[in-house]
Undergrad: 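Next up is a structure, given as structure tokens.
All chains are named by letter (A, B, ...) in the order of the sequence lines, taking the proteins before the strands, and each is independently numbered beginning at 1.
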Amino acid sequence: MSNPKTPMEETTYDYIAVEQKWQHRWFKENINTATKEKQKKFFIHFAYPGVSGYLHVGHMRGFTYCDVIARYKRMTGYDVLFPAGFHASGIPSVGFAKKVERQDPDTLRLLRQNGCTEECINNLTDPLEVVKYFSTVYVDDYWKRFGYLIDYTRVMNTISDGYKKFIQWQFHQLHDKHLLIQKPHYAPFCPSCGPVAVDKSETDVSQGGSAEILDFTVLKFTLKDGTILPAATLRPETIFGVTNMWVNPNVEYHFVKVNNETWICSEECIKKLTYQHDLVQPLKKTIKGTELIGKTCIVPEVNREVPILAGVFADPSVATGIVMSVPAHAPYDWIALVESKASIEAIKIIDVKGFGSNPAKEACDQLGIKSQTETEKLNEATDLVYKKEFHTGILNEKCGQYAGIRISEIKDTVKNNLIQRNLATTLKEFSEPVICRCKEKVMIKQIPDQWFIKYSDAQLTQESKDAVLSMNIYPQEYKDELPKILDWFGDRAAIRRGSWLGTEFPYKKDWIIEPISDSTLYPAYYIISPYVNHKKITVKEMTDEFFNYVFLGMGSPKQEIWKTIKSDFDYWYPVDINLGGKEHKTVHFPVYIMNHVAIMPEQKRPHGIFVHWWVTQKGKEKISKSKGGAEPIVEAAVTYGVDAMRLYYLHIGSPFVDIEWDPETVLKYKNRILNIWRLIQQITSLEDATQENLDNWLKSTLQRHVQKTLDAFGTWDLRVASNEIFFEIQKDLQWYLKRGGADKKLLTEYARIWILLMTPITPHLAEELWETQGYPSFVSNEVYPEFKLKDISEKDEIGEYLLTRVVEDVNEILKVTKMTPKKICIYTSPAWKQNIYRKALQQSAEKTFNVGQLIKETLSDPMMKPLGQQVSQFVAKIAPEVKMLSDLDRSRFLIVLDEKAHLIDAKPYLSQVLHCPVEIYSADDTDLYDPAKKTKFAYPLRPAIYIE
RNA sequence: GCAGGGGUACCCGAGCAUGGUCUAAGGGGUAGGGCUUAGGACCCUAUGACGCAGGUCUCCGCGAGUUCAAAUCUCGUCCCCUGCACCA
């Protein structure tokens, strides 16, 4: 580590040493521990990460936002509570342990790469060890490594005994408030492993992670002898158009007893039925498809007798294996009917614009479909007909009581009526095969008395929507979206029996509360966790009574420590910002709000939510470990430096867009960190010199940037804030130096403020610079700069504006004329023009501007009389632009500036950048050198130019 | 199906709520020049077209409309993306 007393060489900046040095000091002096001192508090946290293995650079984006906000708040007069923990519940750590257990080569390689010893790896077959191991990795290698001022005394996880007591209390509360309900539920289930998760990450399954659950309606067609021929459909309303049935002649169908009915269906179907229906009993009797063909059956509801025909497309593995035929509306059925050559009339039951007497036929004709084997085209035709009919179709007179109603409105009613009258039932099925990791086929199983949290509760929903109105939610779009999400958010199955981690559900033995439901009130637990961690309260003492007292203010304290904890809770709660990725928008955040509304007192409801988008791989692909993913965090920290990465996250895009990880880009930020380091070294070693106008300009623009930065932080517009601090300020400073500015005192102060500004974003760089500038103590503990109006000098701002315009104009002329200048003359506008211009601006601001009026007014002055023509030309010329000026420009142009004096001041600079002698005149000067009569083109803030 | 997001220059990406200062910030890339070199560096200039005096024309997915004025408002249209529940 470098010697802290001697500043580093001007050209070297050992960021790794700097990072270590300051992190060591911060944590040694515990500046990150939350304290109650300032009577103003700010509670921020990020949605704790699930313990699923090593994280990648994408995860650091949100964490970094959190730290920047927390650091900003602590510098602006708040006690900040920034805790963190681990979401250990659920499958991830179990899945990880399983991978280690089955010696998954990728997993083992990853562990070894990250320096995990063989002994350690052996331990990781236990999910609890996985949680323990990665908790350390997250804290030491990620969070501390990035300089986050997290209060590490509060670290907790969701499978600790104390947390479990907290969750049980939560569920007792929900139960008391009648928000726990029981009803049937259908969930993926593996015959040998039990419940499995079907999701895109494919933790539990080896195939079919993106399968959807389809909800078939099974219609009970009856044979002559009363046996039921169950046909499964996704369009129960088309029952009125059934003309026949399809059974596969090559399949042997099975008899099965369902309740008291006898069904005929495929063998695969029986298995599904047993998982989803009570009293399913296979009968040892089968019937060949061919034997069914030629028989007839009765269509339920309609009571029509229809024939059973041969259809090879009837797949025994799909639903019941028996298909009803609606040839007017289902292209498959139409083509099969044509191919069967049966003389059956299609029955049209849906009127829909754009189709005639047989939509299915017309769609088939349109796509040129000739055979049942053209499945791709048939699917397209089905899609086409279905979409059109669903949205614009109306059931016609053949549909009895439902005639005249839109499909989209009546579909569910038809279905429910049929089910109610025992003419139909349901069958759920995956849209594609789903295979468990154990190679078994995953089924859908009914859980008759599943416990749900009743998020559909009308009052809870309404109160939650009301709560959202007064919350600070970033981005605004999400605030607008949230009420709709809350409306749409349905009951959530809250428990599961299977091998995963979590809290035991108090009302059903051996069932575990699922991970979303156990992370809704958890920020409140951060208030308690330090007392648990320091053994100031035992798990045994954390009774419902304790939680009731601390959180709800109910009852009286049993111990002194209860009072202490409650006073902490009352000081810190509620949360000011809960920050999480966009994946939480429709999952975590709604339940976070709703549980607070349901359980916590009104004044403890959340104050704010901040949603950030993701870091993706090239091509907007989600970073995934399986695909190689982005760079590991520790490696990246070494390559780029932590401050560079922090700045990268802040500046590369708005928090509300996905950003693509690109190593080249991160390097640019690394360079910028280095440049700033050098620039500050450089400016404090300049030869002292003052230039009043220029110095005042620098002071003034700095305040503009301070103001913009504060405004941006005010709305957590982190990108704008970082842009001001790391780009705009630097740009101004460079202009100042280029102009020859070198006021030592000013530059010292400028550097001081600049370092303060950058502290929340690049704290290590800031601390190091702070120290080299000779300031004692931590800059992290300093007060953030405030806007100082007295430093604003509009006159000098406008002066520099004039100067840049002159340079631009000269360059423009040189470019067009391709001249090489020998001498450049600049003529500022005469006083009379400036007077008129100002008058015009004032009048325009007061909306009294009138060209004729102003000319008359001006010429009433006898001194102006001789200039009559010039005056009228000038006024006419400026009229349109004066009207269009913004308020900002108007006030800028109204400032009185001695243009000539300012330009003369800058003469050395002008001749330097223009590479030739420059002469400055005012149009009012008596001894003008103006061979080309350019003077008359001079306008206020737009001097005339003559180039030789 | 339900709910939501988005199309801006070579690329990324601001702007759009509150129309005018928008050829459209910032960053990157590219080209030319400087620095005679700080570490994958730094500085300047150019980067829609045209223009021999600081200007003109075109332009924000596509097509209309409102307006003195549209990237911004309205309507239509095409295309892309995300989530949908026991994965967090």
Undergrad: Kindly say if A:K484 contacts the phosphate of B:G4, meaning a side-chain N or O under 4.0 Å from OP1 or OP2.
TA: yes
Undergrad: Could you identify the nucleotide paired to B:U72, looking across every strand shown and requiring Watson-Crick or G-U wobble geometry with both distances under 3.5 Å?
TA: none
Undergrad: Are A:R719 and B:G15 close enough that a side-chain N or O sits under 4.0 Å from OP1 or OP2?
TA: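 For B:G15, neither OP1 nor OP2 has a side-chain N or O of A:R719 closer than 4.0 Å.
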Undergrad: With a cut-off of less than 4.0 Å, is there a side-chain N or O of A:K731 near OP1 or OP2 of B:G26?
TA: yes
Undergrad: If you pin A:I652 and A:K668 to their nearest nucleotides in RNA chain B, which one's is more 5'?
TA: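 First, find each residue's nearest nucleotide; the 5'-ward one identifies A:I652.
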Undergrad: Ignoring backbone atoms, test whether A:Q476 places a side-chain nitrogen or oxygen under 4.0 Å from the OP1 or OP2 oxygen of B:A17.
TA: no
Undergrad: Would you say a side-chain N or O of A:N723 is under 4.0 Å from OP1 or OP2 of B:G26?
TA: no
Undergrad: Under 4.0 Å between any heavy atoms, over every strand shown, what does A:P663 touch: base, sugar-phosphate, or nothing? Just pick one.
TA: nothing
Undergrad: Determine whether the side chains of A:S89 and A:D518 contain a donor N or O and an acceptor N or O closer than 3.5 Å.
TA: yes
Undergrad: Suppose we define a pair by two distances each less than 3.5 Å, Watson-Crick or G-U wobble; what does B:U36 pair with here?
TA: none
Undergrad: Considering every strand shown, what is the Watson-Crick or G-U wobble mate of B:U67 when both distances are under 3.5 Å?
TA: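 Check on B:U67: unpaired, no WC or wobble geometry under 3.5 Å.
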Undergrad: Can you tell me if the side-chain N/O atoms of A:N675 get under 4.0 Å from OP1 or OP2 in B:C42?
TA: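 Indeed, a polar side-chain atom of A:N675 lies that close.
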Undergrad: Both distances below 3.5 Å, Watson-Crick or wobble geometry, any strand: find the nucleotide opposite B:A53.
TA: none
Undergrad: Between B:A70 and B:U23, how far apart are the two C1' atoms, rounded to whole Å?
TA: 15 Å
Undergrad: Looking only at N and O atoms, is any donor in the side chain of A:K934 or the base of B:G54 less than 3.5 Å from an acceptor on the other one?
TA: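 When only heavy-atom distances are counted, A:K934 does not reach the base of B:G54 through any donor-acceptor pair under 3.5 Å.
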Undergrad: How many whole angstroms separate atom CG of A:L214 from atom P of B:G1?
TA: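 Roughly 15 Å, once rounded to whole Å.
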Undergrad: Searching all strands shown, indicate the nucleotide that pairs with B:G26 (Watson-Crick or G-U wobble; both distances under 3.5 Å).
TA: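 Pair assignment: B:G26 / B:C12.
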Undergrad: Quick one: look up who B:G1 pairs with, Watson-Crick or G-U, both distances under 3.5 Å, and put none if it's unpaired.
TA: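 Partner of B:G1: B:C84.
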Undergrad: Is any NZ, NE, NH1 or NH2 atom of the basic residue among A:E808 and A:R805 found under 4.0 Å from an Asp or Glu carboxylate oxygen of the other?
TA: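 Answer for the salt bridge query: no.
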Undergrad: Counting only Watson-Crick or G-U wobble pairs whose two distances fall under 3.5 Å, which nucleotide matches B:U77?
TA: B:G61
Undergrad: Less than 4.0 Å between a side-chain N and a carboxylate O, is that true for A:R492 and A:E514?
TA: yes
